[in-house]
Amino acid sequence: MISRLPPARRGLIVTALGSSLTVSWASSYYIPAVLAVPMAEDLGLSPVWVFGAFSMAMVVSAMVGPWAGARIDGVGGRGVLMLSNLVFAAGLGILALAPTPLVLFAGWAVIGLGMGIGLYEAGFATLAGIYGKDARGPITGITLIAGFASTVGWPLSGLMLATWGWREACIGWALIHLVVALPLNAWLPKGNKTVAAPATSAIEDGPPPSRLALGLLAFVFAATWFNSTAMAAHLPGLLQAAGASTAVAIAAGALIGPAQVAARVLEFGLLRRFHPLISTRAAAAAHPVAAVALVIFGGPAAYAFALLHGAGNGILTIAKGTLPLALFGTAGYGRRIGWLNAPARILQAAAPLIFGAALTAWGVYAIWLTAVIGVAALIALLILR
């Protein structure tokens with residue numbers, strides 16, 4: 001145990017880690033939207049194959065996550081996060097040099113390894129190692145910063161694509177990992193220097209984890225990740241199926257990001273006074289309520305749907321880090337969230353295909369699929385104590 005880090009140092013840690021995670025998200029999760037088509041055209045493939053390689057990467061990340069969490073529990077997150085930057089750079093380099101589809105898949109597999117050791121779960125475990133039970137605020141802080149990954153990543157990927165090409169864009173992201181993200185992670189505290197939480201901390205050690213509680217929480221994370229990924233892939237098409245024009249669908253979709261950030265600011269301020277389970281329940285209810293509004297009112301409800309879904313998704317992202325901490329405490333936290341999020345990663349890989357098929361078959365009524373899943377997640381959260 002060490003003495004409490006001063007507020008300025010705490011802010012710098014959150015800023016450094018949030019910024020490095022922004023690079024990691026922008027150069028992995030968000031590059032297919034911009035680079036998948038040129039990748040496919042260059043290698044004579046259908047874009048479906050590139051997205052399939054990306055789905056494989058998410059499955060790889062699910063397999064690696066528990067190991068990464070256990071490693072962070074033991075030695076701290078700095079070394080694991082620095083390794084993730086090297087792995088990301090290597091995977092992006094393989095993509096840039098890929099002469100055949102097989103090498104392209106290999107590059108995405110390496111990126112999947114980086115995703116398993118270098119995205120939110122690793123960041124959450126690192127902060128739990130530094131701050132212990134007082135990590136809720138820092139966890140919210142890094143999600144506030146990394147929430148802008150798509151805002152930064154998509155334009156930057158597009159600029160590099162238009163200026164040089166998709167291979168050079170991959171090299172550019174690899175260099176950003178080595179020149180920007182790696183030094184930021186190297187600046188983090190070494191090891192698990194857990195800070196003693198104040199007596200008035202809102203988060204206390206929870207009871208020993210039961211299999212029922214762990215199973216319910218894993219289901220909640222899998223359900224909410226499925227809905228989030230399905231909407232990210234198909235929101236404009238869903239809103240148009242509901243009767244919105246193309247312009248309205250795109251404008252409504254643009255509200256998702258600001259709604260997520262606004263909800264995280266609310267969590268950082270007002271909602272941090274309450275147990276994370278309360279805010280998570282409210283967030284889980286947001287998508288089903290938005291779905292009912294979309295079915296009843298059609299296109300005119302597009303903006304309300306985007307705002308409700310975005311706000312709920314913003315808080316649910318934070319809950320993936322704060323809820324296990326509040327319910328089960330800090331012991332074995334990193335390994336635990338790795339296992340809790342593994343099913344979510346696998347379902348996330350399948351979500352675009354499953355919801356796309358439902359949207360094609362049922363039109364706007366495909367939203368009942370995600371609404372029912374959202375209600376089931378809410379019921380699971382109501383069972384948890």
Side-chain angles (χ1 to χ4, degrees), residues 21 24-25 28-33 36 47-72 80 84 87-88 91 104-125 149 209 211-234 280 284 287 313 316-317 319-321 323-324 333-359 366 369-378 380-381:
L21 289 175
S24 296
W25 278 103
S28 59
Y29 189 82
Y30 291 111
I31 63 170
V48 173
W49 285 98
V50 178
F51 284 106
F54 175 60
S55 296
M56 177 201 64
M58 286 192 284
V59 174
V60 171
S61 75
M63 298 169 63
V64 174
W67 172 86
R71 181 70 176 171
I72 293 173
V80 174
S84 77
V87 172
F88 274 126
L104 183 80
F105 269 75
W108 275 112
V110 175
I111 290 175
L113 176 61
M115 294 168 70
I117 66 176
L119 294 183
Y120 273 146
E121 291 86 351
F124 296 159
R211 289 188 177 182
L212 175 61
L214 291 171
L216 288 171
L217 203 54
F219 170 76
V220 169
F221 291 168
T224 53
W225 265 117
F226 178 92
N227 285 355
S228 173
T229 307
M231 292 301 102
H234 297 289
T280 306
H287 180 81
N313 192 55
L316 286 167
T317 300
K320 290 174 176 63
L323 203 50
Y333 172 84
R335 183 173 182 270
R336 186 176 298 122
I337 63 169
W339 282 113
L340 287 172
N341 283 282
R345 292 286 186 195
I346 295 171
L347 271 184
Q348 187 182 18
L353 177 62
I354 294 173
F355 190 79
L359 187 61
L369 172 62
T370 55
V372 169
I373 291 173
V375 170
L378 177 59
L381 287 167

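Throughout, numbering of the chain's residues begins at 1 and tracks the sequence.
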Partner set under ring pair (Phe, Tyr, Trp, His ring centres under 6.0 Å) for Trp49, not counting sequence neighbours: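 Per chain and number, Trp49 pairs via ring pair (Phe, Tyr, Trp, His ring centres under 6.0 Å) with no residue.
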
Test ring pair (Phe, Tyr, Trp, His ring centres under 6.0 Å) applied to Trp108 - qualifying residues, sequence neighbours left out: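 Partners of Trp108 by the ring pair (Phe, Tyr, Trp, His ring centres under 6.0 Å) criterion, ordered by chain and then number, come out as Phe54.
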
Nearest atoms (heavy-atom pairs only) where [X] meets [Y]:
| X | Y | value |
| --- | --- | --- |
| Val60 | Gly112 | CG1-C, 3.8 Å |
| Ala125 | Gly334 | CB-CA, 3.7 Å |
| Met56 | Ala109 | CE-N, 3.6 Å |
| Ala377 | Val220 | O-CG2, 3.7 Å |
| Ala230 | Thr370 | CB-CG2, 4.5 Å |
| Val80 | Ala68 | CG1-CB, 4.5 Å |

Can you tell if the side chain of [X] reaches within under 4.5 Å of the side chain of [Y], non-hydrogen atoms only?
| X | Y | value |
| --- | --- | --- |
| Pro324 | Leu217 | yes |
| Trp225 | Met58 | no |
| Ile72 | Tyr333 | no |
| Arg345 | Leu119 | yes |
| Asn227 | Leu316 | no |
| Tyr29 | Ser61 | no |

Nearest 0.5 angstrom please: [X] [atom1] to [Y] [atom2], how far?
| X | Y | atom1 | atom2 | answer |
| --- | --- | --- | --- | --- |
| Leu347 | Asn341 | CG | CG | 12.0 Å |
| Phe221 | Leu323 | CZ | CG | 5.5 Å |
| Glu121 | Arg335 | CD | CZ | 15.5 Å |
| Ser24 | Met115 | OG | CE | 10.0 Å |
| Leu113 | Met63 | CG | CE | 10.5 Å |

Steps toward side chain to side chain contact (heavy atoms under 4.5 Å, CB included) verdict (Ile373, His287): CA-CA 10 Å; Ile373 291 173; His287 180 81; over 6 Å; no

Aromatic plane relationship, Tyr120 with Phe124 - under 30° parallel, 30 to 60° tilted, over 60° perpendicular: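 It falls in the parallel class, under 30°.
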
Donor-acceptor under 3.5 Å (Ser228 side chain, Thr224 main chain):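 It does not hold such a pair.
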
Audit row: Phe226, Ile354, side chain to side chain contact (heavy atoms under 4.5 Å, CB included) steps and yes/no: CA-CA 10 Å; Phe226 178 92; Ile354 294 173; 3.9 Å; yes

